[in-house]
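Treat the numbers as computed from the prediction; the structure is a model and nothing was measured. Order of the sequence lines fixes the chain letters, A, B, ..., with proteins taken first and strands second; residue numbering starts at 1 for each chain.
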Protein chains: 2
Amino acid sequence: MTYRGCMPVDRREAVLESALETFARHGYRRTSMEAVATAARISRPGLYFLFDSKAVLFREAAAHVLGRDLAAIEEILGDAHAPLADRLLEAFDRWAGRYVGPLAQDVPGVLAENPGLLDDTATNAPAAFERLVTDAVSPHVVTPGAAVRTLLSVSVGLKHQAADRSEYRERFREALEVVLPSTE
Amino acid sequence: MTYRGCMPVDRREAVLESALETFARHGYRRTSMEAVATAARISRPGLYFLFDSKAVLFREAAAHVLGRDLAAIEEILGDAHAPLADRLLEAFDRWAGRYVGPLAQDVPGVLAENPGLLDDTATNAPAAFERLVTDAVSPHVVTPGAAVRTLLSVSVGLKHQAADRSEYRERFREALEVVLPSTE
DNA sequence: ACTTTACATACTAAGCAGAAACTGTCTAGT
DNA sequence: ACTAGACAGTTTCTGCTTAGTATGTAAAGT
């Protein structure tokens with residue numbers, strides 16, 4: 001967006017990513033700016049130089065990471081060469097599967113627990129994801145809306161049922177075979 | 001089991017049902033034996049006459065209610081006249097849908113929060129439900145296991161997504177249409 | 001087959017003061 | 001374009017005391 005710095009890779013982005021990681025690990029409230037600064041290898045006043053407050057930092061970190069994920073998902077789904085089921089599996093894995101399991105840090109969790117801190121980008125991200133998936137599914141299925149809503153429910157359910165990411169992927173692939181009747 | 005009383009309807013059963021209702025409303029820990037006794041319209045020492053301890057009462061209440069539910073579900077699914085989708089909708093509604101929403105008391109919740117208090121009947125109830133559903137689905141579907149596991153994931157997901165029971169039912173019916181390709 | 005009353009023991013919730021930690025800011029330095 | 005250090009004001013945590021409540025048992029009654 002605007003000019004921000006002199007580093008080869010924008011420093012703000014690196015800080016945003018490590019910040020959300022830290023927030024996700026311990027929760028928003030229990031994560032101190034000191035901890036975020038240490039994880040980003042800068043000083044705490046330096047962190048306040050980059051972001052006006054803890055709330056702003058969290059808001060921007062959430063928007064940044066969700067934006068990245070949605071962009072990656074859009075690219076995955078746009079690759080018309082791959083089979084639809086494969087694209088959907090990778091899209092849902094990126095959206096939800098990678099956050100499944102006790103080892104994974106729960107990014108969606110920390111976002112859900114602090115809805116008041118999020119901006120429109122973050123709030124609308126789930127709807128944006130649903131639209132991306134619907135667009136990808138539409139050409140292949142008779143009732144895309146119902147199919148996508150069902151897949152979203154499966155994903156939410158698996159997030160609670162699956163013990164880890166690989167189980168999420170296995171079970172979601174199975175669901176895709178059930179929901180997409182021999183597409184292709 | 002042993003001889004228990006003189007009432008036309010076994011008093012223990014009435015107590016068990018009102019007890020689980022009370023436990024579900026406030027949680028196990030925060031429900032006093034006094035509250036259970038009052039809800040059952042007996043005295044607290046009278047409650048101890050019927051059940052040796054609070055833990056035993058909870059265990060038996062859970063087993064009793066789950067047994068009732070599974071019996072009702074078995075009957076619903078066994079009615080071969082009704083279309084499969086209708087039977088499945090009613091079965092899942094009874095198993096999960098009726099507990100969706102802020103007004104509903106969360107029986108599954110209080111069971112999940114106190115796993116150490118449950119006996120085998122209660123612990124095995126989810127597996128028993130899955131078997132009942134699988135048996136009902138098997139004659140109509142090529143991959144019954146996958147279809148049932150998917151429906152279970154949808155149900156878990158909807159429990160978190162749906163605002164109330166009627167939304168659960170609508171969305172689950174939609175999922176049934178997606179999963180069961182024009183059965184019948 | 002229960003009820004009422006009562007009791008010992010254990011747990012838990014409430015309040016509260018002191019300690020600690022956190023946020024946001026500032027200054028001085030490089 | 002930052003770092004180091006420090007500071008005021010506020011929020012959170014900790015340990016403690018005390019009061020309230022819960023469990024399980026028992027006695028006596030109907």
Side-chain angles (χ1 to χ4, degrees), chain A residues 1-62 64 110 113-114 116-119, chain B residues 1-62 64 110 113-114 116-119:
Chain A
M1 323 245 167
T2 58
Y3 178 75
R4 275 283 167 26
C6 64
M7 298 291 288
V9 174
D10 192 337
R11 191 140 195 182
R12 284 172 59 91
E13 292 196 4
V15 172
L16 285 175
E17 295 190 30
S18 95
L20 194 63
E21 198 173 317
T22 311
F23 282 130
R25 194 175 302 285
H26 305 295
Y28 175 76
R29 237 195 47 208
R30 288 148 60 143
T31 300
S32 68
M33 292 296 267
E34 182 69 47
V36 173
T38 302
R41 310 173 69 121
I42 63 176
S43 68
R44 197 169 64 90
L47 189 54
Y48 277 99
F49 176 82
L50 291 172
F51 305 95
D52 286 346
S53 72
K54 186 180 178 182
V56 166
L57 167 60
F58 182 76
R59 174 168 25 254
E60 295 201 23
H64 177 250
V110 79
E113 280 164 20
N114 304 277
L117 297 174
L118 302 177
D119 60 9
Chain B
M1 320 228 170
T2 57
Y3 176 73
R4 274 284 166 30
C6 61
M7 298 292 289
V9 174
D10 193 336
R11 190 138 196 180
R12 284 173 59 91
E13 292 196 3
V15 172
L16 285 175
E17 294 189 32
S18 95
L20 193 63
E21 198 173 316
T22 310
F23 281 130
R25 194 175 302 284
H26 306 294
Y28 175 77
R29 235 195 48 207
R30 288 150 58 146
T31 300
S32 68
M33 291 295 268
E34 182 69 47
V36 174
T38 302
R41 310 172 69 121
I42 61 175
S43 68
R44 196 171 61 92
L47 189 54
Y48 278 100
F49 175 82
L50 292 172
F51 305 96
D52 286 347
S53 73
K54 187 180 177 181
V56 166
L57 167 60
F58 182 77
R59 170 164 33 251
E60 294 201 23
H64 177 251
V110 78
E113 280 164 19
N114 304 277
L117 296 173
L118 302 177
D119 59 10

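Distance NE2 (B/H26) to C1' (D/dA22): 15 Å, rounded to an integer number of Å. Spacing between atom CZ of A/F51 and atom P of C/dT23 amounts to 15 Å, rounded to whole angstrom units. Atom-to-atom, CG of A/L57 to P of C/dT23 comes out at 10 Å; the value is rounded to the nearest Å.
Between A/V15 and A/R12, the closest side-chain pair of non-hydrogen atoms is not below 4.5 Å. A 4.5 Å side-chain heavy-atom check between A/L57 and A/L16 finds at least one atom pair inside the cut-off. B/L20 is listed as a side-chain neighbour of B/F58, based on a closest heavy-atom distance under 4.5 Å.
Partners of A/F51 under the ring-ring contact (aromatic ring centres under 6.0 Å, His included) rule, at least two apart in sequence or in another chain, do not exist in this structure. Residues satisfying the side-chain contact (heavy atoms from CB on, under 4.5 Å) criterion with B/E113, sequence neighbours excluded, are absent altogether.
A cation-pi contact links B/K54 to B/Y28, judged by a cut-off of 6.0 Å to the six-membered ring centre and 45° from its axis.
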Under 3.5 Å, sequence neighbours excluded: what are the donor-acceptor pairs made by side chains of residues 34-50 of chain B?
| unit_1 | atom_1 | unit_2 | atom_2 | d |
| --- | --- | --- | --- | --- |
| B/T38 | OG1 | B/E34 | O | 2.9 |
| B/S43 | OG | B/G46 | N | 3.1 |

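For B/A55 against B/L117, the heavy-atom pair with the smallest separation is CB-CD2, 4.0 Å. Nearest heavy atoms, B/D52 versus B/V56: N-CG1, 4.4 Å.
The stretch residues 33-44 of chain A touches DNA chain D through A/I42, A/S43, A/R44, each having a heavy atom within less than 4.0 Å of the strand.
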Atom pairs under 3.5 Å: protein N/O with N/O of nucleotides 11-13 of chain D:
| unit_1 | atom_1 | unit_2 | atom_2 | d |
| --- | --- | --- | --- | --- |
| D/dC13 | OP1 | A/R29 | NH2 | 3.2 |

For nucleotides 8-10 of chain C, print each protein N/O atom paired with a nucleotide N/O atom at under 3.5 Å, atom names and distance only.
none

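Taken from CD in B/E21 to NE2 in B/H26, the straight-line distance is 10.0 Å, to the nearest 0.5 Å.
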